[in-house]
Each structure stands twice: as structure tokens, then as C-alpha cells.
There are 2 protein chains.
Amino acid sequence: MGISERRLREKEKLRSAILGTAWRMVTDEGWQSLSIRRIADAIEYSVPVIYDHFENKEAILFEFAKEGFQLLAKKIEEAKAKTKDPAEQLRLIAYAYWDFAARYKEHYKLMYGLGMQGCEVEKCLPEKTTFRKLVIEPITELIEKGNNPKANPCLKYYTFWSILHGLISIKNMRGNAVSDEINKMVMDDAIAGFVKNLN
Amino acid sequence: MGISERRLREKEKLRSAILGTAWRMVTDEGWQSLSIRRIADAIEYSVPVIYDHFENKEAILFEFAKEGFQLLAKKIEEAKAKTKDPAEQLRLIAYAYWDFAARYKEHYKLMYGLGMQGCEVEKCLPEKTTFRKLVIEPITELIEKGNNPKANPCLKYYTFWSILHGLISIKNMRGNAVSDEINKMVMDDAIAGFVKNLN
DNA sequence: CATTTTACCTAACACTGTTAGCAAATGTAA
DNA sequence: TTACATTTGCTAACAGTGTTAGGTAAAATG
């Protein structure tokens, strides 16, 4: 009865080939160049085979978006685990977020629809919630320790995220017109201000 | 010799018809639905006529982007003119920016490529520089008056803009999942924190 | 061995942006 | 008025896109 298992393996292999090829295209030439037909060409199968593995093109994009959200959550978790000081945690989280967006640029663009038509990422709620919880925790701690206990952690989380996302979006837009050093200085400054304001 | 002038007027009229039709499509059905062919259908001309007035589709998008940048600069200018207190100016500018992004949603998406493939907006430098100058001025003033004169206005401007753009981007992403009140509270909080940190 | 399932392909549909080439109308000059 | 040149607008095509209907041949199943 190894036959059907071999078949499953082969099917899985084809699926991986599709995703692998797609990913190579994206990193080489950007999301714009990704097309079902070109994937089919590259894996040396006909076009409808792709649709045996993915409902449509968006389903392929979604796969990468999910990967991105999971990876981001992991990175944030790792960064946070490095210290117990909540202020330091927030700083490390911000760095990790920044690093993720720089290292996995195409993922980030897809996840948040930067300069491209994003895909429906509503289904990534679990991963997003993880991120949210990881950030809200140190914020809550800092608020409790600070002298402004009426501050709303959820609201502050939103602010924190907005700062990061705004910086990264603008950085992505401008290409390399502004040096990374300056960009990082802006982030440092913004996060320092944010943390200071929590007290 | 009014003939050639009439012709020019008619040509201009057709150009307006193209832009007007395009804009109606965008507001009715989003950027995604905008196509040269549908514009041609709507104005009851054949497709190549569009190309007599615009080099390509991007040139049409660019027209709206430029309009957006100009309008934004105007709104910011008006908001700033309402007071002479730099802190208050920054608050009013932030409100105006927010209001612009809400009122001219499709413009904003196009200008910064949110959830769509944006167009080359590098040519809008004058309008962008206007915005930049309008914001940097009160920031510089505040820094000079404050007790942290070594702060870099340019860097702070970048931070200010990032906060606003981040908030708006995230708001746009989430659709109506978060109420406008909360969104505005986040902005108020973030801007207040930013201004406080300038001193 | 017959039947069903699976794998896979060709060819099409309905779109997209863009352009070559032609025909008719109009303007200009002899 | 006639001859030429320009403008205006069109049809039809090219080269892509995502997606799917329908058919064939191989493989697995009863």
C-alpha cells in the first residue's frame, strides 16, 4: 500500500515545486512578474496542473503571506525572550520587526499590500493575534509601573505598531534615497519617545 | 482663426472626459476596475483615442496622484495657517493629514501605493517638498524653544510623517473593524507624545 | 478483464495594456 | 477648384493575464 503514499509524496513535491519556483521568481523579479503561466513553464507542467494544487493565484500568494506572519511572530517572540525588562523588550521587538521587514522585504510587501495588490489576509488572525499579544504584554507592564496607569494598552499597542509600519512603508517607498543609518536613527528616536511616554 | 482654438477646446474636453470617467470608475468600483477599454467604452470613443491624450495608463494614474499631492499640500497649508503656536500647528497638521486620507481615500492609496500597484510619483517632488517644509517649520521652532536643541528637525519630521502614515495605512487595511473614534484617539495620543518629546 | 479514478493536456474564454495601419474628414496651398 | 498634408478616429491585431471546460491516456480498483 505504499503506492498511494508515493503518490501523495509526489503531489506534495509538485506543490513544493510550484511554491519554490514562484518564490524564486518573486525574489528575482518581484511580485509583478509572477504569473501562473510562467510558473507552469518553469516546472514543465501545463497550466491547469497549478489549479490542482491551488484554488487560484491568490491562494499561492496567501501561502507566502501566512509564512510571513508566522515568521514575524517567531522573530518577535525570540527578540522578546532575550530580556525581562519590558522597556528593553519593546526596543528589541522594534528592532526585530525592523529587521524582518528589511530581510523579508517581499513577504512584508505582500502581508501589508505595499505597492501591490495584497491578498486577503483576514485568515491569518491567529498569527496576527500572537504578534499583538507579544507586544501588548510589555506595554501593559510599563503602564502599570509608570505614573499614568489610566493609559490604554490596546491603544498604545496600536500606536507602537503604527510607528513601525509607517517607518517601514516610507522606507520602502523611498527606495535607497535615505540611508539605513538615518532610517534606524528615526526608529530609535521614535521608539525611545514612545517608551518614555508610557511612564 | 478660432477654428484651431475650438479644436484645442474640444481636445481638452475629451481629456477631461477621460479623467472624469476614470475618476467615476475609481470612486464607484476602486482602482482595480479601471481599464483603458472601459474608459473608451464610457466616453464612446475607440481605445487608441485615449493614447492620443495620455502616453499610457500610468500617465492617467499619475494625473490623480499629482492632484492628490497638490490637494494635500493645500490642506496642510490651510491647517497650519490657523494658528501661530507651533505645537498647535503640528496638531492641526496631523488632523488635516488624517482628514485628507479619510476624505480622499482613493487618492491616498494611489499616492502611496496602498493595496495597489502605485505609479511613479518621483515627479511630484515639488508638492512633496512643500509638505515637508510645512511640517519641518513648526518642528524646528519647537526644538529651538525646547530643552533638547541638538534634536534633528529633519529626522523628527520623518518620525512625524511615519506615525501618521502608519496609522492611516493600518486603518485602511483593517477596513471598518476598528471604529473611527478609537483610531482618532490613537492619533491624538501619538501626536501628543511626539510633541511632548520635542521639548 | 472491465470500470472507475487520476493525471495531464490542449484549447478556449474573457479580460488586460498597447500599437500598427488604414480610411475619412479636414485644413492648407497652388 | 484641385492637390497635397494633417488631423482624427477606427478596426484589428499582438502579447500578455487568470481561469476553466473538455478530452485522452495511463493507472488503480473491483
Side-chain angles (χ1 to χ4, degrees), chain A residues 1-19 21-23 25-26 28-65 110 113 115-120, chain B residues 1-19 21-23 25-26 28-65 110 113 115-120:
Chain A
M1 267 305 169
I3 294 174
S4 60
E5 286 162 18
R6 187 212 62 204
R7 293 211 140 186
L8 257 175
R9 275 204 310 276
E10 276 172 5
K11 190 148 187 163
E12 187 52 44
K13 211 167 152 188
L14 201 49
R15 196 188 134 94
S16 299
I18 292 170
L19 290 176
T21 302
W23 187 244
M25 282 178 184
V26 169
D28 287 0
E29 305 162 75
W31 290 108
Q32 198 51 28
S33 76
L34 185 68
S35 91
I36 302 284
R37 278 178 159 87
R38 283 186 8 107
I39 296 175
D41 266 15
I43 62 172
E44 294 179 297
Y45 276 89
S46 72
V47 166
V49 169
I50 312 269
Y51 288 89
D52 289 341
H53 295 82
F54 298 94
E55 199 187 337
N56 49 34
K57 189 182 179 181
E58 183 155 336
I60 299 177
L61 298 189
F62 177 73
E63 215 61 31
F64 292 118
L110 176 62
M116 68 180 290
Q117 204 197 334
C119 62
E120 293 303 322
Chain B
M1 268 304 167
I3 293 174
S4 59
E5 286 162 18
R6 187 211 63 205
R7 294 211 140 187
L8 257 175
R9 272 203 314 275
E10 276 171 5
K11 191 150 188 163
E12 187 53 43
K13 211 168 153 187
L14 202 48
R15 197 189 133 94
S16 300
I18 292 171
L19 290 176
T21 302
W23 186 244
M25 282 176 184
V26 169
D28 287 359
E29 305 161 76
W31 291 108
Q32 199 50 29
S33 77
L34 186 68
S35 92
I36 302 283
R37 277 178 160 84
R38 290 199 347 118
I39 296 175
D41 266 17
I43 63 172
E44 295 179 297
Y45 276 89
S46 72
V47 167
V49 169
I50 313 269
Y51 288 89
D52 289 341
H53 295 82
F54 297 94
E55 200 186 338
N56 49 32
K57 190 182 179 181
E58 183 154 337
I60 298 177
L61 298 189
F62 177 72
E63 216 60 33
F64 292 119
L110 175 62
M116 68 179 289
Q117 203 196 334
C119 62
E120 294 302 323

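Note that these values count all heavy atoms, side chains included, but never hydrogens, waters or copies made by symmetry. Proteins get letters first, then strands, A, B, ... in listed order; numbering begins at 1 in each.
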Just to confirm, is there a sub-4.0 Å distance from OP1 or OP2 of D:dT7 to any side-chain nitrogen or oxygen of B:Lys11? no
Compare side-chain N and O positions of B:Tyr45 against OP1 and OP2 of D:dC10 and report whether any pair is under 4.0 Å apart. no
Rounded to whole Å, please give me the gap between [atom1] in [X] and [atom2] in [N].
| X | N | atom1 | atom2 | result |
| --- | --- | --- | --- | --- |
| A:Ile36 | C:dC13 | CD1 | P | 21 Å |
| A:Asp52 | D:dT20 | CG | C1' | 12 Å |
| A:Asn56 | D:dT20 | CG | C1' | 12 Å |
| B:Tyr51 | D:dC14 | OH | C1' | 13 Å |
| B:Ile50 | D:dT11 | CD1 | C1' | 16 Å |

Reading DNA chain D from 5' onward, which residue's closest nucleotide shows up sooner: A:Glu55 or A:Ser35? A:Ser35
Pair of N/O donor and acceptor under 3.5 Å linking D:dG16 base with A:Arg37 side chain: no
Min side-chain heavy-atom separation [X]-[Y] under 4.5 Å:
| X | Y | result |
| --- | --- | --- |
| B:Trp23 | B:Leu19 | no |
| A:Leu61 | A:Leu34 | yes |
| B:Phe54 | B:Arg15 | yes |

Between D:dA13, D:dA21, D:dG9, which nucleotide has the shortest distance from any of its atoms to the side chain of A:Pro48? D:dA21
Using a 4.0 Å heavy-atom cut-off across all strands, classify B:Ile60 as base, sugar-phosphate, or nothing. nothing
